[in-house]
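Remarks on the structure that follows.
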Number of protein chains: 2
Amino acid sequence: MKTTIKDIAKSTGLSTATISKYLNNKPISQANQELIQNAIQKLHYEPNLAAQSLRSGKTNLIGLIISDIGNYFWGPLIANLTQIFSQSGYTVIVRSYYRNTDQKKKLTQEMCTQNFSGIILLADNAKDTSYQPFIRANIPIVVIDQIPNAMESTPVDCVLSDGYSGGREIAKHLTESGHQHVYVNAPLDDSYNIGQRILGITDSYSHAGLPLPMIEKSHRYTTPEAIKKYGEQTLPVAIHKHPEISAVIFTSYELALGGLAAINTHGYRIPQDFSVISFDDDALFKCVYPSITAVSQDMDLFSLQISKILIRRMNGDYSDFPHTEYIPVTLHKRQAVQDLTKKAVEE
Amino acid sequence: MKTTIKDIAKSTGLSTATISKYLNNKPISQANQELIQNAIQKLHYEPNLAAQSLRSGKTNLIGLIISDIGNYFWGPLIANLTQIFSQSGYTVIVRSYYRNTDQKKKLTQEMCTQNFSGIILLADNAKDTSYQPFIRANIPIVVIDQIPNAMESTPVDCVLSDGYSGGREIAKHLTESGHQHVYVNAPLDDSYNIGQRILGITDSYSHAGLPLPMIEKSHRYTTPEAIKKYGEQTLPVAIHKHPEISAVIFTSYELALGGLAAINTHGYRIPQDFSVISFDDDALFKCVYPSITAVSQDMDLFSLQISKILIRRMNGDYSDFPHTEYIPVTLHKRQAVQDLTKKAVEE
DNA sequence: TTGTAAGCGTTATCAT
DNA sequence: ATGATAACGCTTACAA
């Protein structure tokens, strides 16, 4: 038999109403506070969340919607969010729709009706409009990793890493290392984020009066495997056709996987044959030989900003709505980028 | 205003009891089934989970307890479990205690009282007894990745990868490739799993009449970072002291990270200086040069078996209790292991 | 097969 | 500051 507030009420001689008030930090006499506190400890009382939720209409549930939870790049983010929100009394529930559009619609519709206290939506790309039903249903929501095109008609809070700065950092590092002819491997999708990464690179090269980076064009790819395969196939072709290329930039982790696989297969030597640099870092990047130069996202800060905005909204504070937060990124200079200026001097 | 079964009742002219029966697949006349179905569609009815849970005493919640959700090795498992259980109408909630013993006790106690339909506990090591409160509370639970020492006094269902076979596979591959002097990098913890991995290796070498693998002894390490650091520090020392070592085995992903970092720092050439082989696979292992030979766990099958057992228990079927399920592992032969027999012939 | 009505554990209203 | 009581949306005897 589970302990309920009735038991606490009986044990203390108070009414359930008073116990409830105690639990919700409403004014209670000092004496009774201690009385209740003791009873709770003694009887091992834990509130029934279902009852609380049913009566109050608040679930304290945060829905985290990710197209494909299997994509482990986002693991640390999920971890952080789970931890941060649990500290504020919220429980994070992760839901995926596995890149199935029908399932996605069904999922969002279902979640709109389940009294989630807040939603975090990892948007697929800039065309993603699935945040809109939550706005309509008045459920606080933060869109992450993208800025939807529909922002203008339906404003929403966004948090994403600063891909543009990342692109500029990469370009700076490469130009300072003497790399004039650069190849950017990027599948054409409608990702705002990836678009910004590329723009950061091309802007820098353009401003520096250098030849514009060669950007691989392609069809759209949806699954991580397809993106990897694409990278694996296109890289050797480009290198072969354009021997002047001295550096390759992967615009995402999946492309890096594919590119590195191709590099291995074809026996390219990094960084002697060409330098390599990737967006999105991985624990192994800094361990392998040569270690892979990469731009990492700050998942801790990312999670923190998401939680800050969402909690503000859940508390009814919309004073700065809509807010877009860019999370700074960090370039890790490693062995995979060769300093061509030094090399020239040495020779 | 949310739609409730009352609205459906009014709209169809039936009672709420009948609607409830329809929702719970109890016998209903064909005509009314269609009537209700239509009303639900028209009014966009979605059941209130809190009310269902409160009344029925069932939450359909699965608690997944992981010491450190930030350790992304388990990301794919979380992903799979979330997906599999959602197909059966369960929602997975991941909870961590961040290697804090007090927090862990608090968490398990709290979860015991929250009517979880089932629990999946990723045990820390063989000494982990935190599954016991759930057994006492009659909450179905499956322990994964370990077999607790307390099994005998408190039986429990277990699912874990077959580390022993993995060890034997590794040993077979190494001996067939002519590796007689092998170094095993393993922090001494109380992990049943890691113990089995080591045992598989040593048993094989012992049965083959070869010199016993050299096993690094150490203190206990708790965090992934500490384990990595340990691997990074011990490997070069061992290699230096024992030049006869021709192959190094990492007993976990974290050790591989540390070991590879050390290899990079010290400029060892793999596999010329020594071969490398790791437990636990990573997407990058097969992409980098040289690709890293590794034993992978089958996370799909792992998740599936967990869900099968747990769902059986939640349905009250304890006919095969307690059950221990070993998930087969796969050795991926890659470039990091050199075939010394061929080399000998060539020379 | 269908309806009536009680009640799950909590919170909120309104007295006191 | 405290208490009596209704109500949240649903399930489940039990009766019809």
Q.
Using whole Å, what does the distance between atom P of nucleotide D:dT12 and atom CG of B:L23 come to?
A. 12 Å
Q. Nearest of D:dT11, D:dG3, C:dT4 to any side-chain atom of B:A17?
A. C:dT4
Q | B:G13 or B:A51, whichever maps to the more 5' nucleotide of DNA chain C | A | B:G13
Q.
Would you say that A:I119 contacts A:M111 through its side chain, given a criterion of any heavy-atom pair below 4.5 Å between the two side chains?
A. yes
Q: Would you please confirm or rule out a distance under 4.0 Å between OP1 or OP2 of C:dA12 and any side-chain N or O of A:K26?
A: yes
Q.
What is the separation between atom CG on A:N60 and atom P on C:dT11, rounded to the nearest whole Å?
A. 11 Å
Q: Measure from the side chain of B:N32, starting at C-beta and using heavy atoms only, and say which of D:dT12, C:dT11, C:dT2 lies closest.
A: C:dT2
(Q) Does a side-chain N or O of A:S53 approach OP1 or OP2 of C:dT10 to a distance below 4.0 Å, or not? (A) no
Q.
Under the criterion side chain to side chain contact (heavy atoms under 4.5 Å, CB included), I'd like the reasoning laid out for B:E110 against B:R95: C-alpha separation, chi angles, the key distance, then a yes or no.
A. CA-CA 11 Å; B:E110 182 191 319; B:R95 302 290 242 122; 3.0 Å; yes
Q: Check the pair B:Y22 / B:I8 against side chain to side chain contact (heavy atoms under 4.5 Å, CB included), numbers first and verdict last.
A: CA-CA 11 Å; B:Y22 169 85; B:I8 306 294; over 6 Å; no
(Q) Check this one for me: any side-chain N or O of B:T18 less than 4.0 Å away from OP1 or OP2 of C:dG3? (A) yes
Q: Would you classify A:S20 as touching base, sugar-phosphate or nothing, given that sugar-phosphate means primed atoms plus P, OP1 and OP2, and contacts are heavy atoms under 4.0 Å?
A: base
Q: Establish, with yes or no, whether the OP1 or OP2 oxygen of C:dG3 is under 4.0 angstrom from a side-chain nitrogen or oxygen of B:S15.
A: yes
Q) Looking across every strand, which nucleic acid part, if any, lies under 4.0 Å from B:K2 by heavy atom: base, sugar-phosphate, or nothing? A) nothing
Q | Rounded distance (Å) that lies between atom P of D:dA7 and atom CG of B:L54 | A | 17 Å
(Q) Just to be sure I understand the rule, does B:I28 reach a base, reach only the sugar-phosphate, or reach nothing, if contact means heavy atoms closer than 4.0 Å? (A) sugar-phosphate
Q: May I ask you to say what A:Y45 touches in the nucleic acid, namely base, sugar-phosphate or nothing, with a heavy-atom cut-off under 4.0 Å?
A: sugar-phosphate
**Q.** Protein-nucleotide distance (B:E46, atom CD; D:dG9, atom P), rounded to Å
**A.** 15 Å
(Q) Using OP1 and OP2 only, check whether a side-chain N or O of A:N24 sits under 4.0 Å from C:dT11. (A) yes
Q | Side-chain donor-acceptor pair present, B:Q146, B:S191, cut-off under 3.5 Å | A | yes
(Q) Rounded to whole Å, please give me the gap between CD1 in A:I19 and P in D:dA4. (A) 12 Å
Q: Looking only at side-chain atoms of A:K21, point me to the closest of C:dG9, C:dT13, C:dT2.
A: C:dT13
Q | Spacing between B:I36 atom CD1 and D:dC10 atom P, to the nearest angstrom | A | 13 Å
Q: State whether A:Q52 places a side-chain N or O below 4.0 Å from either non-bridging phosphate oxygen (OP1 or OP2) of C:dT11.
A: yes
Q: Please tell me if the side chains of A:D7 and A:Y45 come closer than 4.5 Å, counting only heavy atoms from C-beta onward.
A: no
Q) Between D:dA7 atom P and B:K6 atom NZ, what is the distance in whole Å? A) 9 Å
**Q.** N/O donor-acceptor pair, side chain A:R55 with base C:dT10, under 3.5 angstrom
**A.** no
Q. Would you call A:D157 and A:R312 a salt bridge, using N to O less than 4.0 angstrom?
A. no
**Q.** B:I5 CD1 - C:dT2 C1' separation (whole Å)
**A.** 14 Å
